[in-house]
Structures are given as structure tokens and as C-alpha cells.
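A short worksheet on the structure shown next.
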There are 2 protein chains.
Amino acid sequence: MLNSDLKINQKPSLVDQVEEKLLTYFREKSLKPGDTLPGELALKEALGVGRSVLREALSRFRMVGLLESKPGRGMILREPALFNGLERAMNPHLLSEGKLLDLLGFRLIIELGAVDFIFDNVTEQDIEELEQIVENQVVYENNRFSPQSDYDFHVRLLSIANNESVKQFQHILYPMFEFAKDNFQVFFEKYREKHSGEELVSHNQLLEYLKLGKKEAYRKAMKKHLDIYFQLIKPKK
Amino acid sequence: MLNSDLKINQKPSLVDQVEEKLLTYFREKSLKPGDTLPGELALKEALGVGRSVLREALSRFRMVGLLESKPGRGMILREPALFNGLERAMNPHLLSEGKLLDLLGFRLIIELGAVDFIFDNVTEQDIEELEQIVENQVVYENNRFSPQSDYDFHVRLLSIANNESVKQFQHILYPMFEFAKDNFQVFFEKYREKHSGEELVSHNQLLEYLKLGKKEAYRKAMKKHLDIYFQLIKPKK
DNA sequence: TAGTTCTGATTGTCTGACAAACTATATTAC
DNA sequence: GTAATATAGTTTGTCAGACAATCAGAACTA
């Protein structure tokens, strides 16, 4: 009765144990992508468990792309798709407000932290494509963009940083922002009302600073461009 | 024969399909943590698959903490542990050099992007604890720290940003840096040889800037402190 | 030698069975 | 009538067996 409320002292299931054992097996053997694994029968025998338990553990590896298997051929290890697991868990309804705000903050950190990389790597073509995006974007009022335009611009920006993992992460994070716009609608409206007089920082302006190589001005502008989110996550502390 | 090399055109397994269907089911019903799921028998019936297939899909959810189940009670949804899947996939031997360098870059982005948050939130106690860490740290030579000391300092630093998810992410990333030190040993030695005359930026110095509230100086110092990693990932472009 | 067939191995899926743990109801004792 | 107990049913955890689909390699044949 007490144990059912406290998550502590919850002994790991057989599947958990098998998963753990297999992972340490991979590590200790320093297996590399392309290496083959023993068959299920051999593994189940070596681990002393039923095939179903083994397969439930292996299924987890398949989800993260760590394992690939074909009938008649066997199983081979693959380079895992790092964020597959994250993507499954990214359900705004299942996340607490704290975690949700954390994730919003995570994106802000990325957007600011990538500045140096972006300015180091930016090319003519990046500028040209960004200009085209800015030109074609759908603007509502007072420099607010349609979700798609906003997404396109920021994804293209971040792609300059030349870091596929960060880009993927940002992509997975994006739905949280759409959810936040609904979920914290009251806050958003209040914020906009309060700052109705001020000029917001537009994508055009960010792009201008990037073109001119004004890094610090860009950083400040980006902070202002995303200020509404900075203010949103601030009170939680 | 051709199909075996190309990953394209690989039809998803039944388990994959069931996983997908369940996820959309969770979303469409807007299920929240604590909500109970139908039993396995009912689900397997509704989905038209065997219990083993269903359980292999459910096992994936258990890995990311999205699902919790106890014999005799049933299954309930939980707030997922976002980075569980990432942690399993974080095996340096299984990652390509490109992905590995991406991850190193990811940390650099975080470390720089968190600067604003750190300076906004830093308290007296943060400073005190950081001073204690710096005082007790194990230094090798020329301001190089033991892995543990280095880890302690940077984790404590990032904790000021008050973002649990980012902190967790950094923690999961850390083993990649230890691996990189071994894997790119030649590069590291060359770098240190080349810069043997220069003074490296120490933790003490970073802390000093933080104490004085000199944000821009801190940002530059942090870039220099981590310069060896910036240089390591640079050539890949 | 080249092509074909056969055999065995391997994964994917289904079904059935039983144990363990829990819920709810029914029963009994007072 | 109430409280304690016993019982039955439900649900998850695990195992075992079976069969289909697929593939690799050996054996065989022309």
C-alpha cells in the first residue's frame, strides 16, 4: 500500500535487467555499427530468460535505432538515432509545467549559444536563402510571423551552425512552443498588451545584423526577439 | 539484395505500427500522467495483434518512463523521463565521428548559451559553492583539471541556469568528452604543444568574472577555456 | 563450372499457460 | 450491523511451443 505510492524500492523488472546486461555487453565488447549479435536463441540461453523477455528488451533498442534485424539474417548493431526516444516522449500533455518551461528554456539556450557558431560559419548562400525566407514569410501584425515562417527562419538560421544533432533537437522541441502558445495564452496576450507600443525585433533585423557581422548586436536582438519566452519562464524560479 | 543495403523501403514492423498507433491514441485522447490505460487484453483485441507484439511496443514506453505497470493493478501513464532513451544510445563506440563531434559541439553551445541565464540567476550561495569547488579541485599542470574537478565545476555552473533538463543533458553528454580525450589524443597533444606558451583560462578566472558580473568577459573566457574543443570540431566542416 | 534445389538457421508473430499481485465481492464471526 | 476473513476474478510478468517468412550456404544436377 505504501510501496505503491513511493516509486522508490521498485525492483527493476526482468526486462530492465536484461536491457542493462545487454548494454554493458555492447560496451565491454566495444561493439561497433555493423557488428552482428548472437541470435535470439543463444542470447536467451546465455541470459537465462524467456524469449519474450529478451525480445521486449531488444525492442527498446530497435526504437532508438541501435539494433536492426531481419528475418533469416540475424541482428546487427547500428549507429543509434540519438533523439528517437526523446521524440516519443515529447508529448506536451504528459509533461509537467516545470518540464515544459525547462524545454522552452533549452531552446533559448541553444538559440543564444549557437550565435558564435553561426557567425563563424555563415556563407553567402546562407544569407541568400535566409533573405528568400524573410521575403516570403507570412506576417500577421506588428512583426509576428506565422508558425511556419517562424519555424523556417529559425531552422535555417540554426543550420548555419553546422550541427545536425542540435538542429534535430530544435526540430523536436518546436511542437512544445506551439503548445505553449495555446497553453499560456493569457500570459501571451498580457505580454503583448503591455509591450504594444514597443517595436519588436523582426527576422529582417536579425538577418541584417548577421549580414553586417555584428555579433553582439545580433545576440541582443535575438534575446529581444525571444523576450516573450524569457519572460514566460522567468517566474518559475 | 539491393534492399538489404538501402535502409529505404523498409516496411515498419508490426511492433512499430502498434507503437505509432498507441502514441497517437495517447495524444488524441490528451491523456495525462496518472491516467490508466485499458488492459493488455483489451488493447491487443482493439489493435488486432498478438499480446507479444503489443508488449514489445509497451516495453518501449516503459524505457522512457512514459508507462508504468504493476501486476494486478494495470497500466498508467507517467511523465516521461525525457532523456532515458538518449542515455541508452550514448555509446561512443557506436557513434560515428561526425555525430560525436556534433555532441561535443552541442555542449559548447549549451555552455555559451547558458551564460545569460547564469548571470541572471546567480546568487551568493552559488558563488560560495563554486569557490569551494575551485579551492578543492585537483589540478595537474598548466591549469588542467582532473576530470572529476572539471565535471563538478561545470555542472555546478550550469545548475545556476536553473534548468533541470539542460543539466541532465549535460550530464549525459559528459562521457563523450572523456572518450574524446582518448580517441583524439594525438590532436590534444598537438594542440597543447602548439599553445604551450599561452596561459589557459582557468576555472578561477571564470569564477572571478562571474563574481564581478562581467558577462562579456566571462563569455570570451569560456570560449577560450573550451577552445581546444572548438578547434577539434572545426575541421569537420 | 553454372545453375538449381534443399536444408537449416533466424526473426516475426500468434497462442496458450501459469504465477504473482491486486481488487472487489461474498462470507463468516462477533 | 460491523469487522475480519475468504474467495473469485482481473491484470501484468514470464515462459514455452508453434508456425510462417526470409535468408545463407551446402548439396546436388546438368
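Just so we're on the same page: letters track the sequence lines, and every chain starts at 1.
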Inset, instruction - For the side chain of A/Ser52, starting at C-beta, report the closest nucleotide among D/dC15, C/dT11, C/dA20. - result: D/dC15
Legend entry - Residue B/Arg73, side-chain heavy atoms: nucleotide from D/dT12, C/dT13, C/dT23 that is nearest: C/dT23
Inset, instruction - Might you confirm whether atom NZ of A/Lys190 has over 12 heavy atoms from other residues, nucleotides or ligands at distances under 6.0 Å? - result: no
Legend entry - Between C/dT13 (P) and B/Glu19 (CD): distance, integer Å: 13 Å
Legend entry - Parallel, tilted or perpendicular: rings of A/His93 and A/Phe179 (30°, 60°): perpendicular
Legend entry - Distance, rounded to the nearest Å, where B/Leu58 contributes CG and D/dT12 contributes P: 9 Å
Inset, instruction - Could you tell me the separation between the CG atom of B/Leu43 and the P atom of D/dT10, rounded to a whole number of Å? - result: 17 Å
Legend entry - Between A/Gln170 and A/His154: side-chain donor-acceptor atoms closer than 3.5 Å: no
Inset, instruction - Write down the distance between CG (B/Asp16) and P (C/dT11), rounded to a whole number of angstrom. - result: 17 Å
Inset, instruction - Select base, sugar-phosphate, or nothing to describe what B/Gly72 touches, counting heavy atoms under 4.0 Å on all strands. - result: base
Inset, instruction - Kindly calculate the angle separating the two end axes of the helix from C/dT1-D/dA30 to C/dC30-D/dG1, each obtained from five base pairs, and round it to 10 degrees. - result: 30°
Inset, instruction - Write down the atom of A/Ala114, the atom of A/Leu158, and the distance for their closest heavy-atom approach. - result: CB-CD1, 3.5 Å
Legend entry - Distance, rounded to the nearest Å, where A/Glu68 contributes CD and D/dC23 contributes P: 13 Å
Legend entry - Flag if over 12 foreign heavy atoms under 6.0 Å of CD, B/Glu178: yes
Inset, instruction - Would you please say whether a donor-acceptor pair under 3.5 Å links the side chains of B/Glu129 and B/Gln125? - result: yes
Donor-acceptor pairs under 3.5 angstrom involving side-chain atoms of residues 15-27 of chain A: please list them, not counting sequence neighbours.
unit_1	atom_1	unit_2	atom_2	d
A/Asp16	OD1	A/Arg60	NH1	2.9
A/Asp16	OD1	A/Arg60	NH2	3.4
A/Asp16	OD2	A/Ser13	N	3.2
A/Asp16	OD2	A/Ser13	OG	3.3
A/Gln17	NE2	A/Pro12	O	3.2
A/Glu19	OE1	A/Arg60	NH1	2.6
A/Glu19	OE1	B/Arg88	NH1	3.1
A/Glu19	OE2	B/Arg88	NH1	2.2
A/Thr24	OG1	A/Lys21	O	2.9
A/Arg27	NH2	B/Met90	O	3.2

Legend entry - Per A/Val49 side chain, nearest of listed nucleotides D/dC15, D/dT14, C/dT11: D/dC15
Legend entry - Presence of salt bridge, B/Glu189 and B/Arg192, under 4.0 angstrom: no
Inset, instruction - Report yes or no: is there a donor-acceptor pair, N or O only, under 3.5 Å between the side chain of B/Arg51 and the base of C/dG16? - result: no
Legend entry - Neighbours of DNA chain C within residues 31-42 of chain A, by heavy-atom distance under 4.0 Å: A/Gly39, A/Glu40, A/Leu41
Legend entry - Nucleotide nearest B/Lys44 (side chain, heavy atoms from C-beta), chosen from C/dT15, D/dC15, C/dG12: C/dT15
Inset, instruction - Please report, rounded to the nearest Å, how far the P atom of D/dT14 is from the CG atom of A/Leu54. - result: 13 Å
Inset, instruction - Could you tell me how the ring of A/Phe83 sits relative to the ring of A/Phe169: parallel (under 30°), tilted (30 to 60°) or perpendicular (over 60°)? - result: perpendicular
Inset, instruction - Give a yes/no answer on whether the side chain of B/Ser69 brings an N or O atom under 4.0 Å of OP1 or OP2 in D/dG13. - result: yes
Legend entry - No-hydrogen, no-angle side-chain donor-acceptor test under 3.5 Å, B/Arg62 and B/Ser59: no
Inset, instruction - Kindly say if A/Arg55 contacts the phosphate of D/dC15, meaning a side-chain N or O under 4.0 Å from OP1 or OP2. - result: no
Inset, instruction - Take the protein atom CG of B/Leu14 and the nucleotide atom P of D/dT22, then report the distance between them rounded to whole Å. - result: 14 Å
Inset, instruction - May I have the distance from B/Glu56 (atom CD) to C/dT15 (atom C1'), rounded to whole angstrom? - result: 15 Å
